[in-house]
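Here the structure is laid out as structure tokens; the discussion comes afterwards.
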Amino acid sequence: TRRLHWARASGSPEPRRPMDDDYWARFPEALTPADVARILRVGEKTALRRLSDGTVPGYRLSDRSWVIFRDELRSMLEAVSNWGSGTPVDVDVLADYPDELGYRELMRLLGKSKPTIYAWLDDATIPGHQVNGLWVVYRHELRAALDAKRNKPRA
């Protein structure tokens with residue numbers, strides 16, 4: 001695992017973390033394997049291998065689709081850096097979402113298109129309920145489904 005280090009900004013007596021809030025704000029909540037490759041400075045095949053072996057936290061929701069949450073990746077990288085605690089902080093990526101989610105919230109959370117979200121609802125990849133012709137996903141059921149698709153257990 002590559003270790004990160006503190007860097008001094010020119011003229012600044014205080015060291016700063018190389019992956020601060022401004023750095024992470026450039027990325028969406030849900031990352032693609034290509035985003036992970038960019039962040040880790042590796043090829044996309046290497047990023048996919050690290051997802052498959054659980055080195056990088058992620059969720060394999062279908063044969064060809066990974067969901068990687070920015071805040072979970074950030075926590076993992078901070079934990080393995082030489083300025084980190086060694087233990088990733090448990091991040092609740094669903095905390096800011098309502099108890100009942102519609103397809104728009106799912107699109108933002110999972111970083112996927114409307115057709116993908118509907119396909120996952122139709123085939124029960126994502127647990128949902130049709131109420132008056134609209135899909136509703138309950139946060140606690142989504143959390144359980146994501147935990148079941150996680151590539152490694154929570155710390």
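Once rounded to the nearest 0.5 Å, the distance linking CD of Glu100 with OH of Tyr138 reads 4.5 Å. Taking CD1 of Ile117 as the reference point, atom OG1 of Thr125 lies at 10.0 Å (rounded to 0.5 Å). For the atom pair CG (Asp123) and OG (Ser62), the distance works out to 8.5 Å, reported to the nearest 0.5 Å. For the atom pair Leu110 CG and Thr116 OG1, the distance stands at 10.0 Å (nearest 0.5 Å). Note that the CG atom of Leu109 and the CZ atom of Phe69 stand 4.5 Å from one another [nearest 0.5 Å].
In this structure, Trp120 and Val137 have side chains that are not in contact, with every pair of non-hydrogen atoms separated by 4.5 Å or more. Side-chain contact between Lys114 and Met107: present, with at least one pair of heavy atoms (C-beta onward) separated by less than 4.5 Å. The closest side-chain heavy-atom distance from Arg38 to Glu44 is not below 4.5 Å. Contact of the Asp35 side chain with the Ile68 side chain is not registered, since no non-hydrogen atoms from C-beta on lie closer than 4.5 Å. Between Leu40 and Leu77 the shortest side-chain heavy-atom distance falls below 4.5 Å. Contact of the Trp66 side chain with the Lys149 side chain is not registered, since no non-hydrogen atoms from C-beta on lie closer than 4.5 Å. Taking the side chain as every heavy atom from C-beta outward, Arg60 and Ser65 never approach each other to under 4.5 Å.
In this structure Asp96 satisfies the side chain to side chain donor-acceptor pair (under 3.5 Å) test with no other residue, sequence neighbours excluded. Every residue two or more places apart in sequence or in another chain that forms a side chain to side chain contact (heavy atoms under 4.5 Å, CB included) with Arg70 is listed here: Trp24, Phe27, Glu29, Leu31. Residues that satisfy the ring pair (Phe, Tyr, Trp, His ring centres under 6.0 Å) test with His140, not counting sequence neighbours, are absent from this structure. In terms of the side chain to side chain contact (heavy atoms under 4.5 Å, CB included) criterion, residue partners of Asp21 (sequence neighbours excluded) are, by chain and number, Arg74. With sequence neighbours left out, the ring pair (Phe, Tyr, Trp, His ring centres under 6.0 Å) criterion links Tyr97 to no other residue. Residues passing the side chain to side chain contact (heavy atoms under 4.5 Å, CB included) test with Arg139, sequence neighbours excluded: Leu94, Asp99, Leu101, Arg143.
Leu146 and Ile126 fall within the same hydrophobic cluster, defined by Ile, Leu, Val, Met, Phe, Trp and Tyr side-chain heavy atoms under 4.5 Å apart, directly or through other members. Cluster annotation: Leu61 and Val93 are assigned to the same hydrophobic cluster (Ile/Leu/Val/Met/Phe/Trp/Tyr, side-chain heavy-atom contacts under 4.5 Å, transitive).
Heavy-atom minimum distance, Glu72 versus Val91: OE2-O, 3.9 Å. Contact record, Ala47 with Pro33: CB-O, 3.8 Å, taken as the closest heavy-atom pair. The heavy-atom pair separating Pro127 from Ala145 by the smallest distance is CD-CB, 3.5 Å.
In this structure, the side chain of Glu78 does not engage the main chain of Ser75 through any donor-acceptor pair within 3.5 Å. Under a 3.5 Å cut-off, the side chain of Asn151 and the backbone N or O of Gly58 do form a donor-acceptor pair.
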Take Leu142 and Leu106, measure what side chain to side chain contact (heavy atoms under 4.5 Å, CB included) needs, and give me the verdict at the end. CA-CA 10 Å; Leu142 179 59; Leu106 293 169; 3.8 Å; yes

Does Lys45 form a side chain to side chain contact (heavy atoms under 4.5 Å, CB included) with Arg50? I'd like the steps, not just the answer. CA-CA 9 Å; Lys45 285 184 181 182; Arg50 290 183 181 174; over 6 Å; no

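A donor-acceptor pair shorter than 3.5 Å cannot be found between the side chains of Ser52 and Arg49.
Within a 6.0 Å sphere centred on CZ of Arg26, other residues, nucleotides and ligands contribute more than 12 heavy atoms.
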